[in-house]
Each structure stands twice: as structure tokens, then as C-alpha cells.
Amino acid sequence: MSDEPAPPLAAAPLGPEAPVAAPSAPPEGVQRQRLHPLTPLLESFRFLTAAAAAAGIQAFTSRNFLFAIYIALAAAVIGGIASLIALQYRGFVIWGRELHIYGGVFTRSHRTVPLERLQSVDLVRPIRARLFGLAQLNIEVAGGDGTDARLAYLKADRALALRAELLAIAGRPAAPVAEPAEDEEAPEAVPDRDAGLLVPQLTVRRLALASFLEALPVQITFLAVFGTAFAVAGSIFGFTRVATVVWVGFLAPALVGYVQSTIAAVNRFLRNGRFRIARDGTNLLIQRGLTDTSHETVPVDRVTGVSFAEPVLWRSRQWKRVEVWTAAVAQQSATAVRSTTALPVGAPGEVAAVAAAAVPDLPSVFATALPPRRARWRMPLRWKRTGAALTERAFVVRHGLWVNTHVALPYARIQSVKVTQGRVQRMQGLATVRAMAAGGLGHDAVAVNRDAREAVAMAAELRDRADAAAALERPRLS
């Protein structure tokens with residue numbers, strides 16, 4: 001080891017001069033914009049409702065109505081004081097090309113949202129906020145994990161103005177947002193309600209029927225399995241003993257799940273009521289909701305895939321549901337993956353219009369090739385409804401039994417392709433091809449149990465088409 005001292009550092013870094021970084025936070029004296037004073041109370045709405053229900057039940061059972069009044073007064077006083085304290089530490093600042101969001105009482109938080117990466121700003125109005133004329137903004141940035149930031153709650157007109165300001169800073173045009181009229185369910189009152197839409201507004205009757213038909217097979221299967229098991233066991237061990245055992249050990253827990261699934265179906269119906277979709281430049285504009293309304297923006301240039309779902313009882317009517325994946329949504333964790341419903345239920349012509357708007361020249365009907373017949377024993381019920389195809393525009397796979405689903409992945413959005421082969425597959429000469437979307441976790445197109453030589457050739461062709469399509473795309477999706 002040499003004992004000579006190290007040479008001194010240069011006066012300035014070598015190489016090109018680095019640009020001066022912008023300050024990471026606004027100065028201390030910058031005034032924060034406040035949220036609406038009712039924000040803390042609205043965010044604790046469920047807790048307050050549960051507390052009021054518990055107090056009401058207690059008052060009804062004990063016949064002590066003064067107790068409920070005291071509880072209500074105490075909750076109002078405590079809630080008001082907590083709201084005033086919380087509002088002192090909550091707010092936001094637009095500084096340069098960044099949005100800074102502050103919050104927290106005991107644990108302070110400061111979140112920075114780079115507006116140059118802004119993807120969309122969605123306006124959401126839950127029913128508890130609509131009662132007071134309020135709204136919230138859900139802000140998504142490219143590469144984020146779903147809704148990256150949320151500003152709740154603001155006056156509706158202020159939320160619209162802030163949305164337009166954020167989109168203007170990001171260089172994205174602000175699409176107009178309008179609340180549907182209360183009487184727009186009557187076509188004779190609003191004859192032009194479908195003007196400018198990709199497809200006619202979804203009627204409540206069709207949505208209700210579609211929701212019922214989608215949930216019916218699961219409910220019928222549940223009742224049939226339980227009824228058969230109860231009849232067989234009762235005839236052997238006696239209906240009285242079996243009824244007690246079945247109720248405690250099986251029916252009561254199953255009934256909770258049954259009720260939860262019914263509530264989920266009702267929530268989907270309420271969420272997709274008054275559904276509208278329009279195309280404005282490079283964006284898909286989606287409005288939905290009967291109780292909680294939302295206005296979503298889906299940038300077409302960031303759509304990474306489209307799926308077409310066809311529940312079993314929809315097939316006679318040729319109805320399908322269309323969902324689109326975007327780059328930001330695709331980067332969520334595998335347990336929180338979701339996609340944007342671009343059409344809750346639609347006829348063939350409506351599905352084709354939405355598919356072509358989401359991905360130019362994308363068809364809505366595909367002819368897929370079945371896996372080899374020697375793979376049939378591995379999926380006896382799903383074999384006829386499993387397939388894959390390389391179309392002119394996208395890589396398409398088909399899967400599902402109760403819900404027949406086609407997944408179309410445009411070649412320009414394919415990030416990587418791999419071929420996997422399990423031990424049993426190797427013995428049968430089978431393999432699986434997986435095409436992964438840009439930034440995607442859980443949103444992949446998977447062609448299962450293909451012939452091994454076909455799988456290798458399919459993967460090579462997918463890589464070539466993906467490279468060629470990505471080279472022609474301007475701008476590239478990062």
C-alpha cells in the first residue's frame with residue numbers, strides 16, 4: 001500500500017455542468033390551501049354511523065332516550081373539536097410543477113406529486129359528500145400504484161377549478177365534467193342525452209338484469225349443493241340433529257358469505273348506474289354512479305390491455321363487459337390489482353366501438369386455437385374455452401368457465417415474453433407462454449398448455465412483433 005496522500009478533490013465536478021435542482025419543498029411562509037371544514041367528519045362517517053346505531057339500540061332496549069341524546073351531543077362536541085385540530089395540519093400547495101399534500105396530527109405527513117408525470121385527475125362524489133355539495137379528486141401519476149394522491153373534500157366548483165389547473169400544469173387538456181340531470185332517465189325529457197357518447201347511456205333496466213344474471217349461477221349452485229347435502233344427511237342421521245349441526249358449522253358462516261356476495265353485486269350495480277363513456281382527443285371519459293358518482297379519465301396512449309368478459313347467462317344475449325388496463329393501474333401490487341371498467345355490459349356493436357376507442361383497430365371478436373387434445377385431461381371443463389391467437393393488432397388469449405374471458409394485449413405494450421414448462425408438461429411436450437404488459441403485475445396474457453414447439457415459435461414471434469410495434473410507436477410508453 002502506498003503512503004502517498006490522496007490527490008485533492010477538484011474544485012468542481014468533472015463532466016457537463018449539472019443543472020441546479022429545484023427546491024424540494026415550498027418555503028415555510030407559503031400559505032397552504034385548506035380542505036373543506038367537514039372533511040374530518042365525512043371521513044369518519046362510517047364510525048359515527050356505527051356509534052349512532054349502537055347508541056340508538058341501547059336507548060331502545062333500555063328505554064333511556066336521554067342517554068342517546070347525551071351520546072349525540074358528546075359525539076358532536078368531540079367531533080367538532082377534532083375537526084378543528086385536524087384542519088390546522090391538513091392542506092396542499094401547488095409549487096412550481098409539484099403538488100405538495102400535508103396531513104397528520106400526531107404523525108405529520110408531506111407528500112410530493114410531480115405534475116409532469118400526471119396521468120389523470122378523477123372527480124369522485126360519494127353520496128355523503130354530495131349532500132353537502134362536496135367532491136374529492138383522485139390523482140394518478142404514471143408509474144404509480146393506483147390512486148397516488150387524494151384531495152378530499154372540496155367544494156364541487158373548487159374541485160373542478162383545481163382539476164383544470166393541475167391538468168394545465170401537466171400539459172393535458174381538461175375535459176369538461178358535467179353532472180347528469182336528475183330526470184335524465186326519461187328519454188323524452190332529454191332527447192339528446194346520448195349526444196357525443198361512444199355508446200348510448202347504459203339503462204338501469206339492462207344493468208339490473210345483467211347484474212342478476214351474473215350472480216344467479218353462483219346463488220343457484222350454492223342452494224343446490226346445500227339442499228342436496230342437507231337432504232342426504234337428514235335422511236341418514238335425522239333432520240333435527242343435522243339441522244343443528246349444519247346451521248352452526250356450515251350454514252351460518254356460508255350465509256354470511258352469501259350475503260356479502262349479494263351486497264357486492266348490489267354495490268356494482270350502484271357504482272355502474274348511469275354509465276356514460278365518450279372520447280375526447282386522446283382520453284376516454286367515463287361517468288358512472290347512482291349514489292356515489294365518479295368522473296374518470298383514461299389516457300388512450302397508456303392503455304396496456306383490454307379484456308372482454310362474458311358470464312355464462314349473458315351468452316344467449318351476446319352481452320360482454322369490457323375492461324381496460326392502464327400503465328399506472330398495472331403497477332399495483334398483485335393483491336390490489338384492478339382495472340377500469342370501460343363498459344359494464346354491452347351488445348356486440350357497443351363492445352366493438354369501445355374496443356376500437358381504447359386500442360385503435362382492435363376487434364372485439366377473436367378466433368383462438370385450442371390447446372392440443374392431449375392437454376384436455378388437465379382442464380376437462382375449460383379445455384374448449386381455452387385458446388390463444390396472434391392477431392394483426394394484439395396477442396389474444398381465452399380462458400374461463402363460468403365467465404368466458406378474452407384478453408387482448410397490443411404488441412406495442414408487451415414488455416417481456418417467457419416460456420415455462422412444468423415437470424408434467426415436459427413429459428407431455430407442453431409449455432405455457434406468458435406475455436407481460438408494460439409495468440404489469442397480475443395483468444398478463446397467458447397461453448396455457450400449448451405444444452412445446454408451438455410455444456417456442458409463438459414466443460419468438462411475439463418478441464419480433466413487440467419490437468416492431470414499439471419501434472413505430474410515438475411517444476413510447478415508459
Side-chain angles (χ1 to χ4, degrees), residues 45-46 49 122-131 135-136 138 147 177-187 189-190 193-194 197-223 254-278 284-296 298 306-324 329 336-348 350-351 353-354 400 402-405:
F45 175 78
R46 294 181 179 177
T49 302
D122 298 333
L123 183 73
V124 180
R125 301 191 66 187
I127 187 170
R128 60 181 181 273
R130 292 173 62 190
L131 295 175
Q136 75 179 39
N138 293 338
T147 299
V177 173
E179 283 291 335
E182 293 298 328
D183 59 346
E184 66 179 351
E185 288 301 324
V190 187
R193 68 174 186 174
D194 296 334
L197 302 181
L198 282 176
V199 298
Q201 177 180 313
L202 184 60
T203 62
V204 174
R205 179 179 180 182
R206 175 187 284 190
L207 182 60
L209 179 59
S211 301
F212 173 74
L213 293 178
E214 185 175 7
L216 189 60
V218 176
Q219 297 181 353
I220 291 178
T221 302
F222 170 84
L223 295 176
L255 187 61
V256 173
Y258 186 80
V259 171
Q260 288 179 345
S261 65
T262 303
I263 293 175
V266 173
N267 287 336
R268 284 195 300 270
F269 167 76
L270 296 176
R271 185 173 62 250
N272 290 317
R274 289 180 176 172
F275 181 91
R276 294 180 170 193
I277 182 171
L284 293 178
L285 308 180
I286 299 174
Q287 301 180 17
R288 73 178 89 220
L290 289 176
T291 53
D292 299 354
T293 64
S294 66
H295 304 263
E296 306 169 49
V298 179
V306 183
S307 69
F308 307 86
E310 189 181 28
V312 61
L313 294 183
W314 289 11
R315 294 168 192 168
S316 61
R317 299 175 180 267
Q318 297 183 328
W319 287 349
K320 290 183 181 179
R321 177 172 53 248
V322 183
E323 297 183 350
V324 297
V329 172
V337 167
R338 66 177 178 87
S339 56
T340 301
T341 302
L343 185 63
V345 54
E350 299 167 345
V351 172
V354 173
W402 291 106
V403 180
N404 187 30
T405 303

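Residues take their numbers from the sequence shown, with the count starting at 1.
- Checking side-chain atoms of Trp314 against main-chain N and O of Leu213 turns up no donor-acceptor pair under 3.5 Å.
- The two residues Ala342 and Phe275 have their closest heavy-atom pair at O-CZ, 3.1 Å.
- Between Arg271 and Arg288, the closest side-chain pair of non-hydrogen atoms falls below 4.5 Å.
- Smallest separation of non-hydrogen atoms from Gly273 and Leu290: CA-CG, 3.6 Å.
- Across all non-hydrogen atoms, the minimal contact from Val345 to Ala210 is CG2-CB, 3.9 Å.
- Atoms NE2 and CD1, from His295 and Ile286 in turn, are 12.0 Å apart once rounded to the nearest 0.5 Å.
- Checked by atom type and distance alone, the side chain of Arg276 never pairs as donor or acceptor with a backbone atom of Leu285 at under 3.5 Å.
- In this structure, CD on Gln287 lies 9.5 Å from CG on Leu123, to the nearest 0.5 angstrom.
- Of the inter-residue distances, the one linking Arg125 atom CZ with Ser294 atom OG reads 12.0 Å to the nearest 0.5 angstrom.
- Across all non-hydrogen atoms, the minimal contact from Gly346 to Val351 is O-CG2, 3.6 Å.
- Evaluation of the salt bridge (charged side-chain N to carboxylate O under 4.0 Å, His left out) test over residues 206-223, restricted to residues two or more places apart or in two chains, returns Arg206-Glu350, Glu214-Arg321.
- In this structure, OG1 in Thr340 is found 10.0 Å from CD1 in Ile277, a value given to the nearest 0.5 Å.
- Panel note: side chain Arg130, backbone Thr293; no donor-acceptor pair is recorded below 3.5 Å.
- Listed by chain and number, the residues in a ring-ring contact (aromatic ring centres under 6.0 Å, His included) with Phe308 are Phe366 (sequence neighbours excluded).
- Side chain of Asp292 to backbone of Ile127: a donor-acceptor contact under 3.5 angstrom is found.
- At a threshold of 4.5 Å between non-hydrogen side-chain atoms, the residues Leu209 and Arg317 count as touching.
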